[in-house]
Structures are given as structure tokens and as C-alpha cells.
Number of protein chains: 2
Amino acid sequence: MPPEFTPNIAPDQPVPDADVTRQAEAGADPVALTRQRLLDAAGPVFAEHGFRAATIRDICAKAGANIAAVHYHFGDKAGLYRAVLEYAHCAAREAFPAHELLNAAIPAEDRLRFYVHGFIRQILDQGRPAWHGQLMAREMVEPSEALDHIVETGIRPKWDVLVAICGELLAPHRDPDLIEHAAASVIGQCLLFKQSSAVIERLFDRRGYSSAELDNIARRISMFSLHALRGLRAERSDSVSGGSV
Amino acid sequence: MPPEFTPNIAPDQPVPDADVTRQAEAGADPVALTRQRLLDAAGPVFAEHGFRAATIRDICAKAGANIAAVHYHFGDKAGLYRAVLEYAHCAAREAFPAHELLNAAIPAEDRLRFYVHGFIRQILDQGRPAWHGQLMAREMVEPSEALDHIVETGIRPKWDVLVAICGELLAPHRDPDLIEHAAASVIGQCLLFKQSSAVIERLFDRRGYSSAELDNIARRISMFSLHALRGLRAERSDSVSGGSV
DNA sequence: TCGAAGCTCAATCATGTGTTTGAATCATCT
DNA sequence: AGATGATTCAAACACATGATTGAGCTTCGA
């Protein structure tokens, strides 16, 4: 009898046990928890192909599990996806601790640089199990039913941090529309290299992003944005919203 | 016998006859060329769902055509898609004549504003048959086999125009990497509102983009970018590539 | 040892979708 | 009118994929 697969989120195990994860990564152990192997295999597949295009047959093959195991442990494909999102959310929170960027002891300019650098690496770094950010980028262009939950728990916290940083850099301006659009400009510059990577590679005539290129991209975006924020700040703050530029 | 459906591009009719198009838009006319009705119906469907998720049954239903008509006129689904891309390319060239923005008589700042404004409207305007830009945005996040052709004929010409404008605004800097990344920053800001619209709508708590909001978005992006370009230009052009910011 | 519960497996079903077919219909020319 | 080729149509086919089933295996406590 199925173990009453947790319909949405497992309250018992909000973050998977690290030991279990390591055990599953051993791979060869046939007794390794199938559920965990499925989660580890499903993450990259969903991140690469999106929810719809990913097939549970592919995931199960990579996990060395039977197709029926998905139904047994997660109910259905959507249940597996929800579990992966929750898993990714917990893992990403420690990988990119955006909240530390609210520390007022660090200059706001540096905090923006760190933010951009961390964001770029999170969505573009290919090496480590970095499918967390890629899953978020996927959801942005191909929303699933879980989007509302993802936005509130995974995206908005980091968005609020960026808005706060931009707000500091734009002071004494206080227009929320100005600040939020500035934050959107920063994010848009970053996401372009992820969501339109195939076109960018052709226009720039480069394939893939090396670590040095990621640093260069992050530096270019930081410079562009900081110059823009300085220029916007220098505008008369009492002028009509948006100024004349 | 099938009329030797043009395997890739029909050299006989590079741009569909306007009269035929208008006739097809009448809709009720059962004698309207099925081929044209299919093209007109397939454009929005491919633009909305992408090549893979779009179904020819849906397209044929909207076109009032039989499913076999796709095979008869275009060979297969991919052939229909190629024809739609070619059709969109011709139609978009007149909708957004980017080449006019190379006119040196207009200040480069204004040309950048026009570019951003036109680009935003092309990818976000919902009213008119504006699926041309949306198809391009789709191809960026979900490339098909036709991507190489699309980049060279539909995207790179407009990209080169933007790079030229940014190059003027950054003079006397001449570093291609600097200029191209600046152009990428401009495009990234625009595409965010298209490719991540579902997330943006939730973060900004607005649904859909009104005409006034499109103008506001374009204005914000232009201001942000022009300030950034001015700041980058003011940097010492003899300093190491990228400067210290 | 026995049995029950948890878990896995190969096989199968159900559905959506691209493709194909052969007949029926239409248009055009003689 | 008749013939011929072009076009349309309903139906069926082939395949991929998610879901399901019932038998078998493993584990563990009585």
C-alpha cells in the first residue's frame, strides 16, 4: 500500500537528511532509498527540459528506478515535481544566502556586485548540482501550477533583497515604481544569459560559459547597473516621476 | 498528389499576397486558400505555446481546415513551422524597420529610445497580429532546429543596429566586448517582461500590460540604459577593459 | 518459521498527437 | 458532359508517455 505520499510538502522532512543524500550519491547501493534517488535524478532533468518535456521514464532510468516508483512515492509526475521544487528550495537557501546582503556594514555598491555575481553563478554555473536556479529560470518562462508557491517562497525573498539594495542606491528617491523597475533591469540583464543562451552564444560566437566568462558577465552587469543607478539618483527627485531622460 | 510542398522557403511567393491575406481574414469564405488560413492560424498558436506544445489539431481547428491539410501543404508540422517563420520574418521587417535607426541625423539617444520602444511593443503588444516578435522570443527560450536561420535573418540584423547605437553612445570607447555587453543589457531588460511575464506580474502585482504601461516600461528601460551608457563613456577609455567599477 | 507490511518490478492500459491513407469532392480544360 | 488533376475529408495508424496493475521480493517482528 502506498505510504500516503505527502500530497504537497512533507512536513516531516522539510530538508532531506544529508547522510541520506550522500548515501544516494554513491549510486551503486541498490538499497539506497529510491525516493531520494528519484529526487536527485529528477532535479537536473526538470531543470533542463521543464516539467512538461521531461519524461518520468528518463528520470527513472537515470535514477535506476522503476517507473512505478514515481507513482508509489509521489503519486504522479506533478507530485514528484512538487517534491523536487521543495527540495531545491531548501538546498538553494543555503547556496545563495541573499539575506546576508542586507548587512548595512557593507557598502551598497558591493552588495549589488555580490548579488549579481551570486545570481549569475546560481543560474549559469554548470558544474555543481546547480539546477536549483535553473529550475527557477525554467518556471519563469514555462510556469507550472506551482508558480504561485514558487514566487512567494523562492523568488520574492530574493527580489525584496534586491529592491532594498536598489532603494539604498537610489536614495533619496523613494518612488517604488522607479526602484522596482531598476531592480527589474538588473535581473533582466542576468536572466538574458540564461533564458536566451542559445541566441546569445550565436550572437557572441561563443559556446558555453567558462568560469572566467561568468565573472566577466557579472562584472559587466554590475558596472552597467551601478552607472545607471548613479545617474538615476542624480536626477532631481522632485521632478515628475521618470524625469526627462 | 501533393504540390511538391516547398521544402523550406517558397521562392515564388516570398511575401504572401496582401489580397489573399485579407481574403483569408474574412474567415467565413470556405474557398479561401487553405494554405494561407493555416499560416495565419499557426502563427499565434506557435507564438503562444512554442513549437513542441502547439498541436496541429488546434491549429487546424482555428483555421477551419482538416488535419491532413498540414501534410498536404507543408509536408509535416516542422514544415508548417518553417513556413510560419518565413512569413513572420517578412511581415516583421516592415513592422519594425530597425534600419531606419541608423540615420545619423537623429541623436543617438533618441534612436536608442525608439529602438527600445519599438522592441517592447513588438514583443509585448497584444492587440494587432504581433506574434512575430513573440515567436522570436519563443525561439530564444526554446530553440528549434530553425534557430540558426532565425538568428541570421531575423535577429542579427536588429542586433547589429543596437550594437551600432550603443557604440556611438560609448565613443570614444571601442572595446567590442564592452559595447556588445551594453547592447545585451538593453535587450535583457526588455526581454524580461516577455519571457518572465508570469513572475513579473506577480512581483509587480499587475496582470497584463496596458498600452500606458508598455510606454512606462520602455521609458524606464531607456532611462536606465542611457544613464549607464553615459557613466560607462565617462570612464577612462585607456584603463583596463572594464574599469574599476 | 510464519506472516504482514513496505517496496520493486515487468507488463499493460489509456490517452494525446503526428502521420498516413484512400475515397470523395471540386475546379478546369477539352 | 466527361476526364483529369488538385484539394479536402473522415478514419485509422504508430508511437510516446503518464498511469495502473498484480505478482514477487525484502524486511522485520511475533
Side-chain angles (χ1 to χ4, degrees), chain A residues 1-7 10 12-13 20 23-24 27-39 41-42 45-46 48-84 144-145, chain B residues 1-7 10 12-13 20 23-24 27-39 41-42 45-46 48-84 142 144-146:
Chain A
M1 177 197 300
E4 278 304 319
F5 57 89
T6 57
D12 328 52
Q13 35 184 326
V20 173
Q23 188 182 5
D29 186 358
V31 202
L33 299 182
T34 301
R35 180 190 156 92
Q36 189 60 38
R37 290 208 317 274
L38 279 173
L39 276 179
V45 175
F46 279 132
E48 183 178 355
H49 301 102
F51 172 72
R52 178 171 179 151
T55 71
I56 61 175
R57 276 176 170 81
D58 182 22
I59 293 171
C60 289
K62 286 183 170 60
N66 188 277
I67 306 182
V70 168
H71 172 251
Y72 181 79
H73 288 285
F74 303 98
D76 58 7
K77 185 183 179 184
L80 171 60
Y81 188 64
R82 282 191 294 267
V84 166
S144 73
E145 306 165 349
Chain B
M1 178 196 298
E4 276 305 318
F5 57 89
T6 57
D12 329 53
Q13 34 183 328
V20 173
Q23 187 180 5
D29 187 357
V31 201
L33 299 182
T34 301
R35 181 190 154 91
Q36 189 61 39
R37 290 208 317 272
L38 279 173
L39 276 179
V45 175
F46 279 132
E48 183 178 354
H49 301 103
F51 173 72
R52 177 170 178 148
T55 71
I56 60 176
R57 278 177 170 80
D58 182 22
I59 293 171
C60 290
K62 285 183 170 61
N66 189 277
I67 305 183
V70 168
H71 171 252
Y72 180 78
H73 287 285
F74 303 98
D76 57 7
K77 185 183 179 183
L80 172 61
Y81 188 63
R82 283 190 294 268
V84 167
E142 187 191 340
S144 74
E145 305 166 352

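Letters A, B, ... mirror the listed sequences (proteins, then strands); counts begin at 1. Below, each value reflects all heavy atoms present in this structure, side chains not excepted, and no hydrogens, waters or symmetry copies.
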Interface with DNA chain D, restricted to residues 53-64 of chain A and to heavy atoms under 4.0 Å: A:A54, A:T55, A:I56, A:R57
Atom-pair distance ([atom1] on [X]; [atom2] on [N]), nearest Å:
X: A:L80; N: D:dG18; atom1: CG; atom2: C1'; value: 12 Å
X: A:L33; N: C:dG6; atom1: CG; atom2: P; value: 15 Å
X: B:D76; N: D:dA14; atom1: CG; atom2: P; value: 19 Å
X: B:K77; N: C:dT17; atom1: NZ; atom2: C1'; value: 8 Å
X: B:R35; N: D:dA6; atom1: CZ; atom2: P; value: 16 Å
X: B:I67; N: D:dA14; atom1: CD1; atom2: P; value: 17 Å
X: B:R37; N: D:dT7; atom1: CZ; atom2: C1'; value: 12 Å
X: B:H49; N: C:dT17; atom1: NE2; atom2: P; value: 11 Å

Position toward the 5' end of DNA chain D (nearest nucleotide), A:A68 or A:R52: A:R52
Residue list, side-chain hydrogen bond (donor to acceptor under 3.5 Å, both in side chains) with B:D58, at least two apart or on another chain: B:K62
Whichever of A:N66 and B:V70 has its nearest DNA chain C nucleotide further upstream toward 5': A:N66
With sequence neighbours left out, what residues match [X] under side chain to side chain contact (heavy atoms under 4.5 Å, CB included)?
X: B:A54; value: B:V45, B:F46, B:H49
X: A:A61; value: none
X: A:A68; value: A:N66

C:dT19 OP1/OP2 closer than 4.0 Å to side-chain N/O of B:H71: no
A:F74 and A:R82: CA distance, side-chain angles, deciding distance, side chain to side chain contact (heavy atoms under 4.5 Å, CB included) verdict: CA-CA 9 Å; A:F74 303 98; A:R82 282 191 294 267; over 6 Å; no
Pairs flagged by salt bridge (Lys or Arg N to Asp or Glu O under 4.0 Å) wherever residues 65-75 of chain B is involved - sequence neighbours left out: none
